[in-house]
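Chain identifiers are assigned alphabetically (A, B, ...) following the order of the sequence lines, protein sequences preceding nucleic acid strands; residue numbering begins at 1 within each chain. Atom set for the values below is all heavy atoms of this structure, side chains included, hydrogens, waters and symmetry mates excluded. Computed from a prediction, not measured in an experiment: that's the story for all the values here.
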Amino acid sequence: MLRPMSVVAQIKEVTARAIKELFNHELNANDVLVNATKPEFEGDYTIVLFAFVKQLKKSPDTLGNELGEYLIKNHSTIFSSFNIIKGFLNLAITDYYWIEFLQSAYSNASFGIKEKNGQRVMVEYSSPNTNKPLHLGHLRNNFLGWSIAEILEVNGYDVIKTCIVNDRGIHICKSMIAWQLFANGATPESTNTKGDHFVGDYYVKFNDELKKQVEELINKGIDKETAEKEAPIMKAAQQMLIDWEAGKPDIIELWKKMNSWVYAGFDATYKRIGSDFEKTYYESNTYLLGKDLVEEGLQKKVFYQKEDSSVWIDLTKDGLDEKIVRRKDGTSVYITQDIGLAEQKQKEFNAQRSIYVVGDEQNYHFKVLKLICQKLQLPSADGIYHLSYGMVELPSGKMKSREGTVVDADDLVDEMINISKQKTAELGKVKDFTTDELNALYDTIGLGALKFFLLRVDPKKKMIFNPEESIDFHGFTGPFIQYTYARIKSILRKPEAISRESGVKNLLPLEKALAIQLETFPASIEESAAEYDPSKIAIYIFELAKTFNSFYAEHSIANAETEEKKTVRLQLAQLTAQVLETGIGLLGIKVPERM
RNA sequence: CGUCUCAUAGUUUAAUGGAUAAAACGAGCGUUUCCUAAACGCUUGAUCCAGGUUCGAUUCCCGGUGAGACGACCA
């Protein structure tokens, strides 16, 4: 099926053709700059003429007039009138065009969704550590990763969502040793604690105990650095890591038991926030990957060995530093595992692109990772893309677990759901709902507010979260969009078939504004995929909802002046509802039928 | 010391080099016999400083100031 081109794409194309015919000048359609016309001028879309004034050696006015007249003469179904102001050619689009658009799109359930393009993409996100529960930063990561995967999916890609669980290493051993020392056999069940929080508590206990021991050693005259290394509990953790690597049965058993507690907790949280993965990798299985590639790199002379037999790569010519890829004791480092995992993913899924949703503190790491893979000429190399996002910070700065300022994911979700419960009760609009229906509604609204809050900002930018101020339910928020949707549904609930031919010839300004905005939905989805940026969609659906609300306040739909108007407004309402649902769905947010 | 990010109304955020910089929250005023007032309308207010490129700069380049991240055989 041939997808109809967007108005903007058509304007570009037609303009390029016009310039070729009128002035015999070749122009790429993409070089035509088309903007929405500013509200203070007459017209819908504007061509910026400056760009080709020079090449064509014409004044903007002459050029604009010739072009404008050509467009109206040759494409009268699209363009109705034009005016030129200071080098801007403002074009008015015919009502006919918008009415046709509405009739073709209002009942098209896949409006904005592309067909499969045969390309595969992997999206890795979440990446939790099994020594503590998820926090606000993980939420931004999860929502972003899930949303990007979804956005790529509707853009035609075959998407594989993956997660690498950091389930081994010294930090896990810290929780384990603390449990051995202080738990007296307690379990999540015996203490009625969620598994990930239970294990996280022992990680905190470890650090408390370590601090105590370090202070004692310092009082004995040992310097801080040595004290931290020599504290008995730290030595015990390090010994445990060695035992783990050696596969000592009782350690492995304890490790498995504690991790299983954590996974039960993670699963509950993921289920609640709607995160899922097609494939989960565990670092305990992948940490040895990449060793072969070190050998290969040495042979290819991409890597070199120092006197102590450690292996390095020299990236100084690329403006970076030297980087170790294998320790002198033969063990691999973080980056080596990632090289190995990149190849592993490539072998398993053969994706054209591999996206890593990881915080911007690791920008350097991913730059190095991609560069090394390229130098090794690995097939996965060029497809590596680090989707770097900014940290979530508090007004006081970074969240610090040691200072207890970390905003816990479960707590925050609870709070959001409670607020939505409270507000729903205050408004009292759904008193006839069953308990199940109410609980589902609270989840929808509370999570909607939270996800929208975290996704409405450009991922690249760090964001401030103030725990003192609760996340808003008014204005540029998830509930605003959900509410708009629910209002439309209440109109559409009255059983009434919407006929395709409305018969109207003209649109009122607010009807037209809505139609124009609806028409750009596919472009908005494309843009957010091209830039890996869900906030583009968040902004789009917010503006759409706003336009609809203005329209709704001004014009009656069910009691429209004429049957024709009623039909065209029902089409507008139905398409708006559908676009809002699809759009906000790409952010992982549900819409309620009533609220 | 070096590399890289960021700096826009009181606050949180928008703006492929294009017209008089756009919203939300906050503050103030108003809107409901009629499809959901979690809404709508009006008022208020900003590009860190100094140069440069350009017909045109929030956007690109140079310098400065301020904030952050990274450059660890941690991940």
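Listed candidates were B/U20, B/A23, B/A15. Nearest to the side chain of A/K546 is B/A23. For A/T37, the side-chain atoms get nearest to B/A19 when compared with the rest of B/C35, B/A7, B/A19. Here the side chain of A/D458 is nearest to one of B/A19, B/A14, B/A23, namely B/A14. If you check B/A19, B/C35, B/G18 against the side chain of A/V48, the one that comes closest is B/G18. Counting only heavy atoms from C-beta on, A/D321 has its side chain closest to B/G71 among B/C40, B/A19, B/G71. The side chain of A/I539 has B/A14 as its nearest neighbour among B/A14, B/A75, B/C40. Here B/U13 is the nucleotide among B/A19, B/C35, B/U13 with the atom lying nearest to any side-chain atom of A/V457. Each of B/C40, B/A14, B/C73 was ranked by its minimum atom distance to the side chain of A/A553; first place goes to B/C40. Counting only heavy atoms from C-beta on, A/Y364 has its side chain closest to B/G71 among B/C40, B/G71, B/C35. Taking the side chain of A/I324 as heavy atoms from C-beta on, and the options B/A14, B/G41, B/C73, the nearest nucleotide is B/C73.
Contact annotation for A/E531: no contact, since no heavy-atom pair falls under 4.0 Å across all strands. The residue A/E543 sits apart from the nucleic acid: no heavy atom pair falls under 4.0 Å. Within 4.0 Å (heavy atoms only), A/Y552 reaches at least one base atom of the nucleic acid. Residue A/L320 is out of contact with every strand shown, counting any heavy-atom pair closer than 4.0 Å. Base engagement by A/S310 is indicated by at least one non-hydrogen atom pair under 4.0 Å involving a base atom. Among the atoms of the strands shown, none is found under 4.0 Å from any heavy atom of A/D338. Residue contacts for A/M595: at a heavy-atom cut-off of 4.0 Å it reaches a base atom on one of the strands shown. No contact: A/S388 has no heavy atom under 4.0 Å from any strand. Heavy atoms of A/K86 sit under 4.0 angstrom from primed sugar atoms or phosphate atoms, though from no base atom. Using a 4.0 Å heavy-atom criterion, one finds that A/K398 contacts the sugar-phosphate atoms exclusively.
Between the CG atom of A/L315 and the P atom of B/A72 there is a distance of 11 Å, rounded to whole Å. Taking atom CG of residue A/N90 and atom P of nucleotide B/G18, one finds them 16 Å apart after rounding to whole Å. If you take CG of A/L514 and P of B/C40, they are 13 Å apart, rounded to a whole angstrom. If you take CZ of A/F452 and P of B/C25, they are 12 Å apart, rounded to a whole angstrom. If you take CE of A/M391 and C1' of B/C70, they are 12 Å apart, rounded to a whole angstrom. Note: CD1 (A/I172) to P (B/C74) measures 16 Å, nearest angstrom. Put simply, NE2 on A/H555 is 21 Å from P on B/U31, counting in whole angstrom units. Counting to the nearest Å, the C1' atom of B/A75 and the NZ atom of A/K174 are 11 Å from each other.
Comparing the C1' positions of B/C40 and B/C35 gives an interatomic distance of 15 Å, to the nearest angstrom. Taking the P atoms as reference points, B/C74 lies 26 Å from B/C4, given to the whole Å. B/A50 sits 35 Å from B/A27 when the C1' atoms are compared, rounded to a whole Å. Atom name P, nucleotides B/A15 and B/U8: the rounded distance is 14 Å, in whole Å. Annotation: B/A46 and B/U13 have their C1' atoms spaced 13 Å apart (nearest Å). For the C1' atoms, the distance linking B/C34 with B/G28 amounts to 29 Å, nearest Å. Only the C1' atoms considered, B/A21 is 28 Å distant from B/G30, to the nearest whole Å.
The residue among A/R456 and A/N166 whose nearest nucleotide of RNA chain B is located toward the 5' end is A/R456. The residue among A/K423 and A/N559 whose nearest nucleotide of RNA chain B is located toward the 5' end is A/N559.
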RNA chain B base-pair string [pairs: Watson-Crick or G-U under 3.5 Å; |: paired with another strand]: (((((((..((((....[...))))((((((.......))))))...((.((..]....)).)))))))))....
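Within the 4.5 Å cutoff, no side-chain heavy atoms of A/Y125 are placed close to those of A/L144. Between A/K451 and A/L587 the shortest side-chain heavy-atom distance does not fall below 4.5 Å.
Formation of a donor-acceptor pair under 3.5 Å by the A/N129 side chain with backbone atoms of A/N131 is not found in this model. Counting only distance, with no hydrogens or angles, the side chain of A/R326 and the backbone of A/S332 share no donor-acceptor pair below 3.5 Å. A distance-only check finds a donor-acceptor pair linking the side chain of A/T15 to the backbone of A/I11 [under 3.5 Å]. Put simply, the side chain of A/Q10 gets close to the backbone of A/M5: a donor and an acceptor are under 3.5 Å apart. Proximity of a side-chain donor or acceptor of A/D458 to a complementary backbone N or O of A/S535 within less than 3.5 Å is not detected.
A/W255 and A/W244 have perpendicular rings, their planes meeting at more than 60° on a 0 to 90° scale where under 30° would count as parallel.
Checking the phosphate oxygens (OP1, OP2) of B/C35, no side-chain nitrogen or oxygen of A/R594 falls inside 4.0 Å. The shortest distance between the side-chain N/O atoms of A/K461 and the OP1/OP2 oxygens of B/A7 is below 4.0 Å. Phosphate proximity of B/C70 to A/N363: absent, as no side-chain N or O sits under 4.0 Å from OP1 or OP2. Taking 4.0 angstrom as the limit, A/K328 places none of its side-chain polar atoms (N or O) nearer than this to OP1 or OP2 of B/C73. The side chain of A/S535 contributes no N or O atom lying less than 4.0 Å from OP1 or OP2 of B/A14.
The stretch residues 466-489 of chain A touches RNA chain B through A/D472, A/F473, A/H474, A/G475, A/F476, A/F480, A/Y483, A/A486, A/R487, each having a heavy atom under 4.0 angstrom from the strand.
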A/Y45/A/I516 under side-chain contact (heavy atoms from CB on, under 4.5 Å): CA gap, chis, key distance, verdict: CA-CA 10 Å; A/Y45 283 101; A/I516 292 177; 3.7 Å; yes
Pair A/T444-A/M595, side-chain contact (heavy atoms from CB on, under 4.5 Å): steps then yes or no: CA-CA 10 Å; A/T444 297; A/M595 66 187 275; over 6 Å; no
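In terms of heavy atoms, A/I384 sits closest to A/K370 at O-NZ, 2.9 Å.
Ring centroids of A/F366 and A/Y385 are separated by 6.0 Å or more, keeping the two rings apart. Between A/F548 and A/F551, the gap from one ring centroid to the other is short of 6.0 Å.
A donor atom on one side chain and an acceptor atom on the other are not found under 3.5 Å apart for A/D472 and A/T477.
Taking only distance into account, the side chain of A/N131 never meets the base of B/A75 through a donor-acceptor pair shorter than 3.5 Å. One donor-acceptor pair, N or O on each side, does fall under 3.5 Å between the base of B/C73 and the side chain of A/D308.
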